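Accompanying notes for the structure given below.
The shown structure was predicted, so the numbers you read here are calculated from the model rather than taken from an experiment. Only this structure's heavy atoms are used, side chains among them; waters, hydrogens and symmetry mates stay out. Starting from 1, each residue takes its place in the sequence as its number.
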Amino acid sequence: MPGAKRRLTRKEKITQSAAIVDSAKKATDLLSFLPEWTTYKKHDLDLKVEYKSAPDLSSEDTKTIFDLLKINMESFYNKSDWGWEDNFKLEELTHKDARFLIVRDSTDKIVGFSHFRFDMESNYPILYCYELQIENAIQRKGIGKHLMSILTLIAYKFKLVKILLTVFKDNTAGLNFYRNSLHFGRDESCPYDEEGKCYLILRKSVDKTEISNLKC
């Protein structure tokens, strides 16, 4: 048919997806196009959100992020098949591809963060949310949803097709948050229940409809 667009081959699609991921990885300021999302002033909170890549984190900030992760998640890891290892988790946080949204209070203290990366999954360009951790005293005040909205906007800007994350089955609060508040669903890569794994892999597609529903 004259004017019909040629369908890409599988190899071309993979090359295109890899280029999208590479472009996202090379970006240096992921919040420059989202200035209105860099503050959070709700529920008597006065917070700011900043972006950092792992190589740009100070040793003090890295330690604070690690400590918050350990406080919130060590017990879940120890109840799981994985177990908790300080060195392994620290290596994850300091990996060259690790990216962070960091939440600070009015005293500049880190009170929350998201660790995420740009990657390929089944030959598609995706954003993988490794961690979403908020200090216990300010949980359930919308900060986690705010950070996930930012991740969705970032994924959309760089033409990533979905957001993936892993959550422990025992983490009922986390599961309820992702499923009920953010409407994540089970990903195709998620293990079947009969496999007896300790975790689920959840997904959320990134499209215009999803973006139009986001409010700062």
Give a yes or no answer on whether the side chain of N72 reaches the backbone of I134 with a donor-acceptor pair at less than 3.5 Å. yes
With no hydrogens and no angle check, just 3.5 Å: does a side-chain donor-acceptor pair link Y156 and K208? no
Please round to the nearest 0.5 Å and tell me the distance separating atom CG of L69 and atom OG1 of T64. 12.5 Å
Measure up the Y40 and H146 rings against each other and bin them: parallel (under 30°), tilted (30 to 60°), perpendicular (over 60°). perpendicular
Main-chain N/O of T172 paired with N176 side-chain donor or acceptor, under 3.5 Å: yes
Interatomic distance, OG@S149 vs CH2@W37, rounded to 0.5 Å, equals 4.0 Å
Are any side-chain N or O atoms of E210 and backbone N or O atoms of D207, one a donor and one an acceptor, separated by less than 3.5 Å? no
For the pair D187 (side chain) and C190 (backbone), establish whether a donor and an acceptor sit closer than 3.5 Å, ignoring hydrogens and angles. no
Counting only N and O atoms by type, is there a donor-acceptor contact under 3.5 Å from the side chain of S23 to the main-chain atoms of A19? no
Any donor-acceptor pair under 3.5 Å linking the side chain of S80 with the backbone of W82? yes
Do the side chain of S17 and the main chain of N123 share a donor and acceptor less than 3.5 angstrom apart? yes
Rounded to the nearest 0.5 angstrom, the CG-SG distance for L153 and C216 is 9.0 Å
Looking only at non-hydrogen atoms, find the nearest pair between I20 and K159 and report the distance. CG2-O, 3.9 Å
Before accepting this row, confirm whether a basic side-chain N of the pair D44/K141 lies closer than 4.0 Å to the acidic partner's carboxylate O. no
Indicate the atoms forming the closest heavy-atom contact of L101 with L147, along with that distance. CD1-O, 3.8 Å
Return the CZ to CG distance between F116 and L164, rounded to the nearest 0.5 Å. 14.5 Å
Mark yes or no for whether H95, through its side chain, and D97, through its backbone, hold a donor-acceptor pair below 3.5 Å. yes
Using a strict cut-off of less than 4.0 Å between a Lys/Arg side-chain nitrogen and an Asp/Glu carboxylate oxygen, indicate whether D193 and R186 qualify as a salt bridge. yes
Looking at every non-hydrogen atom in both residues, tell me the closest pair between I143 and V103 and how far apart they are. CG2-CG2, 4.2 Å
Is the shortest heavy-atom distance from the side chain of R117 to the side chain of L127 under 4.5 Å? no
Should the heavy atoms of other residues, nucleotides or ligands under 6.0 Å from CZ of F33 be counted, would the total exceed 12? yes
Between W84 and F76, does the ring centroid distance fall short of 6.0 Å? no
Closest heavy-atom contact between C129 and L151? SG-CD1, 4.0 Å
Does the pair K89/E92 count as a salt bridge with the N-to-O cut at 4.0 Å? yes
Looking only at heavy atoms, which two atoms of L132 and S114 are closest? And how far apart? CD1-CB, 4.0 Å
Is K109 salt-bridged to E135, going by a charged N under 4.0 Å from an acidic O? yes
Flag, side chain of S181 to backbone of Y178, donor-acceptor distance under 3.5 Å: no
Nearest 0.5 angstrom please: K48 NZ to S106 OG, how far? 9.5 Å
Any I150 side-chain heavy atom under 4.5 Å of V49 side chain: yes
Between E121 and R203, is there a salt bridge with N-O shorter than 4.0 Å? no
Below 6.0 angstrom between ring centroids: does that apply to F118 and Y128? no
In terms of side-chain heavy atoms, does S75 have a donor or acceptor partner in N78 at a distance below 3.5 Å? no
Would you please say whether a donor-acceptor pair under 3.5 Å links the side chains of T107 and D105? yes
Less than 4.5 Å apart, any side-chain heavy atom of L160 and any of I126? no
Quick check against the 3.5 Å criterion: does N213 have a side-chain atom that pairs as donor or acceptor with the backbone of T209? yes
What is the distance from atom NZ of K52 to atom CD1 of I102, rounded to the nearest 0.5 Å? 7.0 Å
Heavy atoms of K25 and R99 approach each other most closely as O-NH2, 3.0 Å
